Amino acid sequence: MTLPLLLGAGVASAGALIELAYLVGAAMFILSLYWMSDPKTARRGVHAGVVGMGIAVLATWAKPEVSEHLWILIPLALAVGPGVWLANVPLTAVPQRTALSHAFGGLAAGLVGTAKFLFWFHHEPEMLTSFRVGAIVFEVLLGFLTFTGSLIAAGKLQEFRWIPQRPWVYKGQSVVNAIAFLAALGLGVTLVVDPHAAHAPLIFAGLVFLAFNFGWMLVMPIGGADMPTVIAILNAYAGLAAVAMGFVLDNKLLITAGALDGSSGFILSIIMCKAMNRSFTSVLFGAFGQVTASAAGGEQKQYKPETPEDAATILGESSLVVIVPGYGMAVAQAQHKVRELYDALKKRGVTVKFAIHPVAGRMPGHMNVLLAEAEIPYTDLVEMEEINPEMPQCDVCLVIGANDVVNPAARSEASSPIYGMPIIDADKARTVYAIKRSKNPGFAGIDNELYFLEKTRMIFGDAKAVVGELARALAGPSGMH
Ligand code: NAP
């Protein structure tokens with residue numbers, strides 16, 4: 001064999017190896033999603049995703065056309081610091097952490113699209129086919145929109161002072177948005193029709209400018225309470241931007257990974273909207289969170305406080321206790337104390353179940369993750385639809401830092417912002433104990449009638465401290481009344 005033939009054969013087999021690596025990477029991503037759908041296999045799912053991504057990066061790096069290896073090392077080295085920082089944020093900050101990840105993904109897609117357009121325009125104009133330019137327009141619009149939108153979402157979740165939590169709305173907003181959208185559409189179509197025109201880079205710059213602005217224009221009018229759903233939608237946008245990037249770069253793995261990412265983002269946002277009984281449009285345009293606390297009405301209603309010791313006595317004498325954890329348990333990091341309480345009650349022969357609302361906390365699966373961390377058996381975690389029929393037989397419903405997800409206004413008050421959201425029927429239990437620190441409302445900003453019911457007793461205090469006291473009272477001699 002001659003040298004050119006040998007080299008040719010080498011390149012061909014390297015190409016085949018890279019394709020094979022991409023196939024393995026894609027399989028890993030699919031397995032990762034599959035395993036992540038169950039808490040028992042979720043860790044394996046995360047590892048599979050990491051391995052899949054590692055294979056994808058190495059295989060792409062090994063491509064013969066990649067020549068500037070040093071240039072690749074620079075961003076990789078720069079990414080380590082923020083990556084380690086993002087991986088170590090507390091669990092309560094995971095929603096904003098996720099938003100930041102999407103922001104980076106969107107920015108990367110937008111930058112790759114911009115670089116490709118400019119490079120091809122100046123050096124390889126024959127590459128700028130209408131199809132490729134269409135994909136670039138899509139990629140840049142969604143990528144930069146995801147970038148600024150996700151930054152605003154992260155800022156709202158982090159409750160930065162200079163980003164209002166309340167929906168930011170003004171008169172004629174939808175008209176301004178519509179004009180901007182039509183302008184972007186016009187610029188995109190102009191580019192697709194004639195990508196080689198002398199002023200194409202200028203049109204492209206206009207498109208990039210609009211894309212950057214779309215993100216904040218779309219997210220600012222949405223209230224902080226809807227940010228987790230918005231993040232799921234932005235996740236879908238970032239995935240679609242990656243699909244477009246896959247077409248631009250002619251990379252099948254990117255298309256597959258982007259499609260998986262985009263579709264799972266959409267599915268997640270649909271699940272969340274369903275759990276809150278809200279439509280996509282009401283999340284995106286409903287200005288949720290504008291309503292201020294009012295439900296308690298004119299007269300001053302009275303809470304009935306209880307001491308942890310007295311509550312422990314009643315808990316210890318119950319046969320069925322249902323615990324409803326919420327965002328406050330996450331804030332207090334009370335899960336390990338909850339485990340102690342669970343053990344103490346079990347020891348006394350009490351049946352204990354955890355009622356898991358799909359949007360309790362601030363991210364999907366928030367309560368499952370915390371309770372799994374405390375090694376509470378999955379079998380005692382019961383989903384809302386299954387636990388609700390049991391609530392009338394429940395002796396004590398112990399609400400730990402939950403509010404909106406047990407608010408009966410969701411069933412009865414048509415004017416309430418949470419009206420129609422399915423809730424855990426805590427009010428149907430024989431007795432209710434609710435642990436929270438103050439009289440403040442939950443995330444939707446509304447009062448909760450549950451706390452004023454005849455059967456309800458409030459145990460004011462930090463969830464970790466109060467649950468710890470309950471567990472001690474039940475375990476120690478003072479709990480043995
Ligand atoms: P919530 O309505 O936000 O109420 C949490 C309660 O915990 C508050 O009333 C607060 O009262 C209390 N709390 C905070 N820190 C505490 C501490 N250290 N110790 C004790 N109590 C503490 O929470 P939720 O019932 O879990 O409802 C979740 C809300 O988020 C819903 O409105 C849901 O629609 C929304 N949301 C969730 C998701 C998701 O994916 N999970 C997505 C979108 C929207 P004090 O301040 O008085 O203590």
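Computed from a predicted model, the values in this text were never measured in an experiment. Start at 1 and go down the list; that is how both ligands and their atoms are numbered.
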Would one find an N or O of [X], backbone or side chain, under 3.5 Å from an N or O of ligand 1?
X	result
N403	yes
G361	yes
K436	yes
A360	yes
A463	yes
M272	no
V331	no

*Between R472 and E469, is a salt bridge (Lys or Arg N to Asp or Glu O under 4.0 Å) present by the stated rule, with each step listed?*
CA-CA 5 Å; R472 255 196 312 282; E469 280 178 57; 5.1 Å; no
If the threshold is 4.0 Å, N to carboxylate O, is there a salt bridge linking [X] and [Y]?
X	Y	value
R411	D425	yes
D462	R437	no
R339	D343	yes

Using a strict cut-off of 4.0 Å, indicate which atoms of ligand 1 neighbour a heavy atom of [X].
X	result
A332	18 (N)
G326	26 (O)
V405	25 (O), 27 (O)
M363	39 (C), 40 (O), 41 (N)
D404	2 (O), 25 (O), 27 (O), 29 (C), 31 (C), 32 (O)
G401	5 (C), 6 (C), 7 (O), 21 (N)
A402	25 (O)

*Hey, do the aromatic rings of Y170 and W168 have their centres closer than 6.0 Å?*
yes
*Would you say the side-chain atoms of R457 pair up with the backbone N or O of E454, donor to acceptor, closer than 3.5 Å?*
yes
*Main-chain N/O of I418 paired to S416 side chain as donor or acceptor, under 3.5 Å*: yes
*Using heavy atoms and a threshold below 4.0 Å, how should the contact between R437 and ligand 1 be classified: side chain, backbone, both, or neither?*
both
*Is it the side chain, the backbone, both or neither of P441 that has a heavy atom closer than 4.0 Å to ligand 1?*
backbone
Should one rank [options] by closest heavy-atom distance to [atom], which comes out on top?
atom	options	value
atom 45 (P) of ligand 1	A330, A444, S438	S438
atom 37 (C) of ligand 1	I418, I400, I271, V359	V359
atom 30 (O) of ligand 1	R362, M421, H357, M458	R362

*Between Y22 and N251, is any side-chain donor less than 3.5 angstrom from a side-chain acceptor?*
yes
*asked:* For a quick check under 3.5 Å, do W85 and N88 share a side-chain donor-acceptor pair by atom type?
replied: no
*Mind checking whether Y303 and F460 have parallel, tilted or perpendicular rings, split at 30° and 60°?*
perpendicular
*OH/Y451 to CG/N403 distance, rounded to the nearest 0.5 angstrom?*
3.5 Å
_Measuring from non-hydrogen atoms of G461 to any atom of ligand 1, is the shortest distance under 4.0 Å?_
yes
*Determine, using heavy atoms of H366 and all atoms of ligand 1, whether some pair is separated by less than 4.0 Å.*
no
_Atom CD of E383 with >12 non-hydrogen neighbours under 6.0 angstrom_ = no
*Within a radius of less than 6.0 Å around OH of Y378, do more than 12 heavy atoms belonging to other residues, nucleotides or ligands occur?*
yes
